[in-house]
Amino acid sequence: MLFDTHVHLNADQFEEDLEATIQRANEAGVEYMTVVGFDHKTIPKAIEIAESHEKIYAAVGWHPVDAVDLSDKELEWIEELSSHPKVVAIGEMGLDYHWDKSPADVQKEVFRKQIRLAKKVKMPIIIHNREATDDIVEILKEEDASEVGGIMHCYSGPVETAQECIDMNFMISIGGPVTFKNAKLPKEVAKAIDLKHMLVETDCPFLAPHPNRGKRNEPAYVKLVAEQIAELKEITFEEVSEVTTSNALQFFGIQS
Ligand SMILES: [Zn+2]
Ligand SMILES: [Zn+2]
């Protein structure tokens, strides 16, 4: 059994075949999923999907790329939704220096506000990081994010930073890039980090693992990520599935 801890089944790319996609995931042994909503459109959709599927949960937050669109109204909305029985985390939130829609200082402020909100409602956070590792770690430290802990989603940084995050009560979530031939850091991290701090994810519809790279990603493919981790750690696929699933259930506070 596998738990895909970061999916965007709420994206337009799944509009046509959502139920068939979930079915394919279940057939591949992917029973549990967390759908991540991060704006006006994807948050209600994440909740709706979680409400209509027993083993699908939701996370709600505000994406750093759209930080300029967040006002107190959105923050209050996220706070309200945090008490929904299927909402298991706040996020994704963080910093994304690849796109320039929202200036870095606005992103940082919105990131800090969401960490404070998560601490207020006592929920873990899901971190999106693109080209901003140092600033992310600094803010997590300054805001005492270790109090709630969280997930470094689709982690692609160095081993030392992963360890620093683990020391702050964060889980390291490994995504499709670990299967790419030239992905040096993700492979190093998958090898070095203890399985007990590890989760697996697809981030679908993005970042499809090899040999589906470039195509639409879907939760069934998280199996390819787990297989790659097993190969790198020289352990069985069953062990990777078992441990990462039990990590995720425990992390999200789900009674299985
Ligand atoms: Zn992300
Ligand atoms: Zn995402």
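Positions are given from 1, in the same order as the sequence printed here. Both ligands and their constituent atoms are indexed starting at 1 by order of listing.
For the Zn ion (ligand 1), protein N, O or S atoms under 2.8 Å: 3 in total.
Ring geometry for H6 against H153 counts as parallel: the plane angle stays under 30°, on a 0 to 90° scale with 60° as the upper cut. Classification of the F38-H63 ring pair by plane angle, with boundaries at 30° and 60°, yields perpendicular.
H8 has its closest N, O or S atom to the Zn ion (ligand 2) at the position named NE2.
Under the 4.0 Å criterion applied to side-chain N and carboxylate O atoms, E27 and R24 are not assigned as salt-bridge partners.
Cation-pi contact between R130 and Y97: absent, since separation from the ring centre below 6.0 Å together with deviation from the ring axis within 45° is not met.
When the shell of 6.0 Å around CG of D167 is examined, it contains more than 12 heavy atoms from other residues, nucleotides or ligands.
In this structure, the ring of F252 has its center less than 6.0 angstrom from the ring center of F3.
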